[in-house]
Amino acid sequence: MTDNRRFILSLSCPDGVGIVAAVSKLVADNRGWIIEAQHHADQEARRFFMRQEILAESLPFEIDEFRQRFATIAEQFQMDWAISDSAQPKRVVILVSKSGHCLYDLLSRWKSGELVVDIPAVISNHEDFRSLVEWHDIPYYHVPVPREQKDLAYEKIAHLFDTLQGDVMVLARYMQILSRQICDRYPGQIINIHHSFLPSFVGAKPYHQAYQRGVKLIGATCHYVTEALDAGPIIDQDVLRIDHTDATADLVRYGKDIEKTVLARGLRYHVEDRVLLHRNKTIVFR
Ligand SMILES: Nc1nc2c(c(=O)[nH]1)N[C@@H](CN(C=O)c1ccc(C(=O)N[C@@H](CCC(=O)O)C(=O)O)cc1)CN2
């Protein structure tokens with residue numbers, strides 16, 4: 001029975017000739033079995049992006065030696081690169097405030113085995129979801145964010161994340177604006193679900209803004225968090241048609257389903273190393 005463990009190689013570098021050949025030659029010379037391969041050349045940016053999944057058991061060496069052997073090619077082509085192990089689940093720390101629909105959804109997908117991650121903790125600025133989270137045998141940390149002590153609160157969250165050896169923080173309707181310090185400390189490691197079709201309706205009350213504007217489409221956006229509010233690189237989006245008969249409460253209700261779907265999809269892309277960042281945009285190898 002073939003062991004389905006894969007090494008996932010993701011890279012970007014200045015575009016040029018011979019990149020695919022060089023990478024594939026290293027794998028082929030070691031009789032490696034490529035399960036999935038995608039690449040993209042951004043002609044405007046003159047940058048090349050690539051993702052390969054290689055069957056771990058097909059290679060005669062472990063991941064550390066694979067990284068050592070790949071480093072030579074990476075230097076030759078000035079690559080930003082990473083090799084991850086599909087058998088090593090990402091450690092996802094979830095942050096939530098008072099709206100629990102995305103938290104419930106992620107916990108359900110995790111409990112059913114659909115979302116293969118480790119959840120070392122849930123952090124909240126309220127006590128609302130302690131019993132739900134602890135029922136899942138997941139530690140719950142209540143970190144209040146008083147207006148005059150926001151930086152101290154975010155230092156506590158950063159210390160918790162480091163102590164828990166988190167790989168990614170998911171803001172699952174966490175309604176506090178993170179400081180520049182914590183955003184800069186974890187670039188590409190904090191994912192938010194914003195309840196609008198960005199760039200429309202930034203802020204805490206997008207459904208109210210959508211209703212007031214009279215739009216015919218609403219949506220949700222999963223993006224990486226930067227200091228600039230709701231302005232980080234977009235990972236995934238979706239929309240839904242609405243009309244004049246829909247009140248703000250209807251938009252909030254419809255929106256919850258879109259938010260859950262878009263966040264789960266965006267998080268899956270991230271934990272499967274399918275997202276590469278370039279400037280303020282993403283390449284997503286779906
Ligand atoms: N630095 C960033 N922090 C956060 C981002 C982000 O993109 N960059 N996204 C938000 C989530 N969000 C919308 O998706 C959002 C959350 C909160 C607010 C807001 O105005 N909050 C007020 C307090 C509101 C309250 O207490 O209920 C505030 O912080 O003063 C706007 C947008 C998460 N953080």
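When a ligand or atom number is given, it counts from 1 through the structure's own listing order. Side chains are part of it too, since the values below use all heavy atoms of this structure and drop only hydrogens, waters and symmetry mates.
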Nearest neighbour in protein (non-hydrogen) for atom 28 (C) of ligand 1: K150 NZ, 3.6 Å
Atom 22 (C) of ligand 1: which protein heavy atom is closest, and how many Å away? M175 O, 4.1 Å
Looking only at protein heavy atoms, which one is nearest to atom 14 (O) of ligand 1, and what is the separation? H194 ND1, 2.6 Å
In ligand 1, the atoms that come under 4.0 Å of a heavy atom of A204 are 18 (C), 19 (C), 20 (O), 31 (C), 32 (C)
So that I can tick it off, tell me whether K256 and D105 are bridged by a salt bridge, with the cut-off set at under 4.0 angstrom between side-chain N and carboxylate O. no
Among all protein heavy atoms in this structure, tell me which lies nearest to atom 26 (O) of ligand 1, with the distance rounded to 0.1 Å. Q176 NE2, 3.1 Å
Please identify which atoms of ligand 1 are closer than 4.0 Å to at least one heavy atom of H223. 7 (O)
Shortest protein heavy-atom distance from atom 2 (C) of ligand 1, along with the residue and atom involved: T226 O, 3.4 Å
Return the orientation label for the F66 and F61 ring planes: parallel under 30°, perpendicular over 60°, tilted otherwise. tilted
Is the ring pair H270/Y224 parallel, tilted or perpendicular, if the boundaries are 30 and 60 degrees? perpendicular
Under a 4.0 Å N-O cut-off, is there an ion pair linking K281 with D42? no
Give a yes or no on whether a salt bridge exists between R5 and E62, defined as a side-chain N under 4.0 angstrom from a carboxylate O. yes
Using the ring of each side chain (for Trp, its six-membered ring), is Y186 parallel, tilted or perpendicular to F161, with breaks at 30° and 60°? perpendicular
